[in-house]
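Here the structure comes first, spelled out in structure tokens, and everything after it is commentary.
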Amino acid sequence: MDTLALILSIIGCINWGLVGIFQFDLVAWLFGGQGAIISRIVYTLVGLAGLWCISLLFRREPRIAEE
């Protein structure tokens with residue numbers, strides 16, 4: 001879950017960087033505009049992933065992957 005949240009957060013960071021520097025929304029361009037249902041789903045998933053990543057700040061011990 002942590003890895004998926006980080007990947008989605010990175011996608012969001014790249015998209016916001018493109019919006020800030022070039023005024024180009026990659027997610028909207030790929031999925032048919034900001035109002036398209038798929039774009040809204042992607043935005044929602046990225047937002048939820050960002051909220052999940054907040055929990056990473058408060059973990060005292062890193063989780064060890066179980067083999």
Side-chain angles (χ1 to χ4, degrees):
M1 187 66 149
D2 293 343
T3 304
L4 179 61
L6 286 172
I7 290 169
L8 287 172
S9 293
I10 290 168
I11 290 170
C13 292
I14 291 169
N15 193 56
W16 276 110
L18 289 171
V19 170
I21 296 169
F22 301 112
Q23 295 180 349
F24 177 71
D25 188 342
L26 181 63
V27 173
W29 181 76
L30 286 174
F31 299 113
Q34 289 181 341
I37 189 70
I38 297 173
S39 294
R40 294 182 61 187
I41 290 169
V42 171
Y43 295 138
T44 301
L45 291 174
V46 168
L48 292 172
L51 291 174
W52 180 268
C53 287
I54 292 171
S55 72
L56 299 176
L57 293 172
F58 300 104
R59 292 191 189 157
R60 294 182 183 255
E61 297 177 17
R63 291 189 180 183
I64 299 172
E66 295 180 20
E67 296 181 27

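From a predicted model like this one, the values you see are computed outputs, not experimental measurements.
For the ring pair (Phe, Tyr, Trp, His ring centres under 6.0 Å) condition, the pairs that include at least one residue of residues 4-28, sequence neighbours left out, are F24-W29.
Two different hydrophobic clusters hold L4 and W52 under the rule that ILVMFWY side chains link at heavy-atom gaps under 4.5 Å. I21 and V27 fall within a single hydrophobic cluster, where Ile, Leu, Val, Met, Phe, Trp and Tyr side chains are chained together by heavy-atom contacts under 4.5 Å.
When hydrophobic residues (I, L, V, M, F, W, Y) are linked wherever their side-chain heavy atoms come within less than 4.5 Å, the members clustered with L56 are L6.
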Sequence neighbours excluded and cut-off under 3.5 Å, please list the side-chain donor-acceptor pairs for residues 7-14, or say none.
residue : atom : partner : partner atom : Å
S9      : OG   : A5      : O            : 2.9

Please tabulate, for side-chain N and O atoms in residues 31-41, each donor-acceptor pair with protein atoms closer than 3.5 Å (sequence neighbours left out).
residue : atom : partner : partner atom : Å
Q34     : NE2  : D25     : OD2          : 3.2
S39     : OG   : G33     : O            : 2.8

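When the side-chain contact (heavy atoms from CB on, under 4.5 Å) test is applied to I54, the partners found at least two apart in sequence or on another chain are L51, F58.
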